[in-house]
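Numbering of residues begins at 1 and proceeds along the displayed sequence. Counting starts at 1 for both ligands and their atoms, following the listed order.
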Amino acid sequence: MGHEQHNAAVAKAFPELVSLFDIGDSWKKSKGLGGHDIQALCITKRQAGDCQLNATGKKPKFILHAQIHAREVATGELAYRWIDLLVNSYGKDADITALVDSRELWVVPMANPDGVDIVASNPSKPVLQRKNANNTSDCGLGSTGVDLNRNSSFQWDPNEGGPCDETNPGAGPASEPETLAIEGLVNRITRDTKGDVNDPATADTRALFITLHSYGNDILAPWGYTNNPAPNRAALVALGKKMSAFNGYPVTTGDGGVGYFAPGATDDWAYGTRGLPAYTFEVGPGSGACAGFLPPYTCMDSTFWPKNKGAFIYAAKAAANPYGALPGS
Ligand SMILES: [Zn+2]
C-alpha cells in the first residue's frame, strides 16, 4: 500500500481521531511531472478548535517528521508504527488514550515522496537516493537532487555542497517545495516563542519537534550548524536525556556526536525560527546487523520500534511544558 493509501485508510477508519492534510507538493508535482502531495496527519480526540491549521488550538503539539532522506527507510516505518499505535490503542491503553485526548499528535510520515519513488525504482536493488528529485543538475540515478535537510530557511549555507553532492543545499533557502511544505505547516500550527538567533525560546512554548533519520543511534539537539551553545541548550539537553532513557541514544550538540555540522537542517530551523525544542533521532546502530540505510525488517521489531516508542510517548507528554518541569518517566 502506498503511503497516500495508508493515510487515507487510517483517516477513514478513525474519523473522530484523524485529520488528514495536504501541506504542499513534491518537486515533481510542482513541475507537473507526476509526483505527490506532502501529507500530514493530526491525531487527537477531536474537540472544537483542534487540528486546525492555526496556532490557537488549546492542546500542546508533538510533531514527528520522517523520511526526509528517502533511503532512510526505517524512519517512515517508525512514523507508521506511531500512527497505528495511537489509533489502535485509543480507548484500550490508558496512557495512549490520555495522550490522544490531550495532545495534537502531528505526523509527516513521508517528507520526501519523490525520493522514495526513486529508492523503489529498481525492483531488483533499492536505489540509495537521499535527496529529492530536482533534476536541475543531472548527476545520475541516486545522486541527482537537493538535500532537503540542508535546504531550510535557517542558516542555509551555499557552501554545503555542489549540485551532485549528497549535501547539495539547493539554489537558495527553502528553494524546494518539500521544504516549503514542512516550514509552512509548522509556521501555521505553532506560536513563535523565539526572537533573534541568540534569544532563548520562552517558557510558554507548548510544542516539540522530532525529525527521524538513519543511522548512528544519536539524539542530536540544537544547534547542529555550530558548536556555539543554543540559548536553551541546558533545557534542550535535559529533555533529550529524558528521551534517551528510552532509546539509549546519547544526546549531543554541534558536531560532537556525528562529526559534521548541518547548516540548513530541519531541526535547527524548528528551534531557531519557532522556538520548538527540536531533535534529530539517528535511528539504527553504526555497525552490526541492523546498521545501514536498508536494515533487515526484523530490526524494526527487535530494536527500532521498542527503543523509540517510549521516547515518542515521552516527547508527546513533554510537549505540554518542554522548557519547564518535565514529566517523570
Ligand atoms: Zn538523514
Taking 2.8 Å as the cut-off, does Glu282 contribute an N, O or S atom near the Zn ion (ligand 1), distance below it? no
Shortest-distance N, O or S atom of His69 relative to the Zn ion (ligand 1): ND1
Between His3 and His36, how do the two ring planes meet: parallel, tilted or perpendicular, split at 30° and 60°? tilted
Cation over ring face, Arg103 and Phe62, 6.0 Å, 45°: no
Give a yes/no verdict on a cation-pi contact between Lys194 and Tyr271, requiring under 6.0 Å between NZ or CZ and the six-membered ring centre and an angle within 45° of the axis. yes
Output the atom name for the N/O/S atom of His213 with the smallest distance to the Zn ion (ligand 1). ND1
Please determine if Asp165 and Arg150 form a salt bridge, counting it only when a charged side-chain N lies under 4.0 Å from a carboxylate O. no
